[in-house]
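Structure first, commentary second.
Chain letters run A, B, ... following the sequence lines, proteins first, then strands; residues in each count from 1.
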Amino acid sequence: MNSLNNKSIECEIRNDLSSMQRRTFLARTAQMGLLAGFGVIAACSKPDSVSALPAGEALDREQMFFFSHLAQVLLPTAGTPLTPVNQVPVLSNLDKLMLTMPQSTRTDLAAAIKLFEYGGMVLGWHFSRFTRMPDEDAIQYIDSWQTGHPMQQGIVSVLKRLVYSSYWRDDSTWGPLDFDGPVSEKWGLTSLGEAPLPQRQSAHLSQ
Amino acid sequence: MLKVIQAKDIKSSELNLKADVVIVGSGAGGAVMAYELAAAGKQVVLLEAGPYVPSSQFNEKFPDMLETLYQDHGGQVTKQGDLLVLQGRCLGGSTVVNGCVTFRVPDFILEKWGAEYGLTNLTPETLSPYFEKIERNLSIHTNQPHEINQNSRKLEQGAKALGWSVKPLQRNTKDCALTGHCLSGCKTDRKQSMLVTYLPWASHYGAQIYSDCLVTEILTDSGRASGIKAQVTDPQSGEKVADMTVKADLVVVSAGAIQTPLLFLRSQLGSQNDSIGKNFACHPSTMIVAEFEKDIYTWRGAMLGVYMDEFEHPDKGGFVLEGGGAGPMEIGMSTEPGTGKSYLEFMSNAKNYASCISLIHDHNVGQVSVQDGQKQIDYELSDDDFPAMKLAFKAAAKIYFKAGAKRVFLPTVDKRIVESEDEIDSKIDGIENTPFAIRMVSYHPQGTMRMGTDPGRSVTNEYGEHHGVNGLFVADASLFPTSIIVNPQESVYAISNYIADYILANEEKYFTRLN
């Protein structure tokens, strides 16, 4: 990335994000650093076009298409022992997660997706939208944001976390990692219930 | 089963209650206060904004529980967007979802509070019986060998090899089942949270406990607290169920270091120095991950086992490292291992990672405020605190390499992997204090309602009573004049009990109805 392009993307980002008063979506997915995805639906198989994917309840068709491509790039599970990404309801999980976020956050996220989608044209990545990049270029593009302007870093981190969390949230992804998941019922643990009432005791008040 | 009045139980659109004391918040501060005052014969009404979720409904799936038990469904963030602030928002508050770690507030912190804020009443000697009582009541004990998992053993091994102080943590658990799911709430009630201790005990003595009640205003009359107004909301639909007014001689706000100042600000109860909501600190914490040859299974066993306190004192660095386990997803989000194949390779080795949590003694540089009617948490890691953060990373990396780690993954937004001991300084010195540079989470918000003897520099007096409104008390971590560097729950319990005793010792001043 040359300095002119760096400057250019910074200007783009600064201008476009200047209206974002509350960048809550950026840290909303810091939460994803602690969590992982939701329920069920569409697979992440790469669609031929935007029209191949239905809109979700929170995400529109373009956003679904965007995340579908992103999931393919971020989670190339083919040939690994991991659960194939197209067997996990990543998009559905993502859509449901979006529904828990306030509208303002979703609006901010939509703006961030657009920046990321079209940033490649500004940066000269074959003058391509992200969703049209071959996987290798897409990975390089993602990594360039990861080391770019702090705002680029914030956006790409959030997008990654959204996808990761929507994948790992699914129970079917845990087995290959030897992750146990919920255990109390499996182990037959019983509740200890409420603790017995203590004897009344007064700590000495020296005041 | 705990008797709780929930939104679904309320049939009237308007509720008018009377009590001796109304308490806002059911976490560490509010629950202890409710029990102590109710047991002394006071009529207590306790209001919790969050829902009542019995432990039988905890499913040990962290994403689900974040959305159910945490403030803003787990999405409470700073204005800057790069720090998540996790707090419980359920009956029992953060005590339900914390990692069970307990510490007494360090003596050097109390000395500082005495010297700089006039809190000479809060000496180790004064507080010691309160800590002892809390420790008895909540089964606080030093982790036994079986409560220290392989993850913590790595921290212990490396620290000992370096000659650094490392100790078992203390936790408020009874017969811990070692599930590792503390942050999702303890399904089998081994964690001695308020949900299974002080709240049922308060109820036993007649305290009325309401969930789903968001207090919207503190009422005052001629310079005295006189009650609160609240709104009861159905937690499922979000629809308002009823307006509530509670008239009381005494109001105690224990809603935590973020919600407490917001309530004061919305009630237009300022302080002489306009400092409500200011001086916010939060122990911004990170997770440092190290890869080992052998399997660690960091998520198995007690979530937190040991801590390294060699550099706890600010003169030595001002940070601690706690051997904290995590699920594979959390590990994967704590660092940047690369994109695509390299990420999947990293995740495939999840069982080989050890992890620890860094806590720093951050300065009170943040602020909680109301902007356009909305909550705003303004916090940036200060340049003064950044060196402590980097020292914590270096110490963790040294420990892990000493314990035989193959590599260490730093908690940065860019890919930063330390492959050998020789690389520690260069890799860590290169981190800059820019937005999003470090992956941080706060579990310990503190300091927005500073306690002190000087009304020009604090919001409440040395007993937690508002300088300008009689009978209006605060009892939570917002009172702390500085961050305390260690997990705060035990200190909140003890100080709340201390304030309760002060209130009871001066009851003729506060209560019109004396027993």
Given that the side chain runs from C-beta out, which part of L189(A) has a heavy atom under 4.5 Å from chain B: side chain, backbone, both or neither? both
Tell me which of these, A195(A), P176(A), G79(A), P196(A), has more heavy-atom pairs under 4.5 Å with chain B than the rest. A195(A)
Side-chain donor-acceptor pair present, Q80(B), D378(B), cut-off under 3.5 Å: yes
Against chain A, label L127(B) side chain, backbone, both or neither, depending on which of its atoms sit under 4.5 Å from a heavy atom there. neither
For chain A, which candidate among K351(B), M347(B), K187(B), H204(B) shows the most heavy-atom pairs at distances under 4.5 Å? M347(B)
Under a 4.5 Å heavy-atom cutoff, which of T190(A), L75(A), T77(A) has the most pairs with chain B? T190(A)
I142(A) versus chain B, heavy atoms under 4.5 Å apart: side chain, backbone, both or neither? side chain
Heavy-atom contact with chain A under 4.5 Å, split by part of Y70(B): neither
Between V156(A), V73(A), D171(A), the one whose heavy-atom pairs under 4.5 Å with chain B are most numerous: D171(A)
Salt bridge D143(A)-K415(B), side-chain N to carboxylate O under 4.0 Å: no
Let me know if T434(B) has heavy atoms under 4.5 Å from chain A in its side chain, its backbone, both or neither. side chain
Verify whether one side chain among N506(B) and Y463(B) offers a donor that lies under 3.5 Å from an acceptor in the other. no
Bottom line for E132(B): the part with an atom under 4.5 Å from chain A's heavy atoms is neither
Part of T173(A) lying under 4.5 Å from any heavy atom of chain B: neither
Think R161(A) forms a cation-pi with Y164(A), using NZ or CZ under 6.0 Å from the six-ring centre and within 45 degrees of its axis? no
Using non-hydrogen atoms and a 4.5 Å limit, figure out which bit of I377(B) sits close to chain A: side chain, backbone, both or neither. neither
From the list L177(A), D178(A), I139(A), V183(A), the residue making the most non-hydrogen contacts under 4.5 Å with chain B is D178(A)
If you count heavy-atom pairs under 4.5 Å with chain A, which of Q371(B), K174(B), M65(B), Q192(B) comes out on top? K174(B)
With sequence neighbours excluded, what pairs up with E135(B) under the side chain to side chain donor-acceptor pair (under 3.5 Å) test? R104(B)
Do the side-chain N and O atoms of T188(B) and S191(A) include a donor-acceptor pair separated by under 3.5 angstrom? no
Given heavy-atom pairs under 4.5 angstrom as the criterion, report whether the side chain, backbone, both or neither of F131(B) touches chain A. neither
Please determine whether a side-chain nitrogen of the Lys or Arg among K186(A) and D180(A) lies less than 4.0 Å from a carboxylate oxygen of the Asp or Glu. no
Taking atom types as modelled, is there a side-chain donor on K191(B) or N172(B) under 3.5 Å from an acceptor on the other? no
Hey, is the main chain of A31(B) close enough, under 3.5 Å, to the side chain of W201(B) for a donor-acceptor pair? no
Among T179(B), L504(B), L344(B), D414(B), which has the most heavy-atom pairs under 4.5 Å with chain A? L344(B)
Looking only at atom types and distance, does a side-chain atom of D170(A) sit under 3.5 Å from a main-chain N or O of S172(A), one as donor and one as acceptor? yes
